[in-house]
Amino acid sequence: IANMKLRKYQEALSAFEKGIALPADPSDVWRGWFLVRAGNTLDMLQRREDALPRYEQALTCADVNGSRQIAWQWLEVVYQD
């Protein structure tokens, strides 16, 4: 998240992708958020076609603090910082 706030989007994406690559059950509380944030970062990098599958994958994960609702939101509207 810090890298996103600093607008270091490539570094942020790398960190989120590392988290996504870790073996985890879909019910893992962090997995959905890693996917949402990876999608956000891809949107900021103007890679919408790559962002959409991340949001869709987040919908299959545990709903933690509204993560699914947020994933739905970003499926319909491009994330902007």
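Remember, it's a predicted structure, so these values are computed and weren't measured experimentally. For this chain, numbers begin at 1 and follow the sequence in order.
- Applying the salt bridge (Lys or Arg N to Asp or Glu O under 4.0 Å) definition to pairs two or more places apart or across chains, those involving residues 1-14 are R7-D81.
- Nearest heavy-atom pair, G39 versus A51, reported as atom, atom and distance to 0.1 Å: O-CB, 3.4 Å.
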Hey, can you pull the donor-acceptor pairs under 3.5 Å for the side chains in residues 72-80, sequence neighbours left out?
none

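- The two atoms that bring L59 and A71 nearest to each other are CD2-CB, 3.8 Å, heavy atoms only.
- With hydrogens and angles ignored, the 3.5 Å screen pairs no side-chain donor or acceptor of S14 with any backbone N or O of Q10.
- Among residue pairs with one or both ends in residues 45-55, those qualifying as salt bridge (Lys or Arg N to Asp or Glu O under 4.0 Å) are E17-R54, D43-R48, R47-D50; sequence neighbours excluded.
- Annotation for C61 and L35: closest pair SG-CD1, 3.7 Å, computed over non-hydrogen atoms.
- Residue pairs meeting the salt bridge (Lys or Arg N to Asp or Glu O under 4.0 Å) criterion with at least one member in residues 57-67, sequence neighbours excluded, do not occur.
- In this structure a side-chain-to-backbone donor-acceptor pair under 3.5 Å is missing from S67 to V36.
- To the nearest 0.5 Å, atoms CG (N40) and CE (M44) are separated by 9.0 Å.
- In this structure, CH2 on W33 lies 7.0 Å from CG on N65, to the nearest 0.5 angstrom.
- A pairwise comparison of heavy atoms in A58 and G32 identifies CB-O, 3.7 Å as the closest pair.
- For F34, the side-chain contact (heavy atoms from CB on, under 4.5 Å) partners are F16, I20, W30, not counting sequence neighbours.
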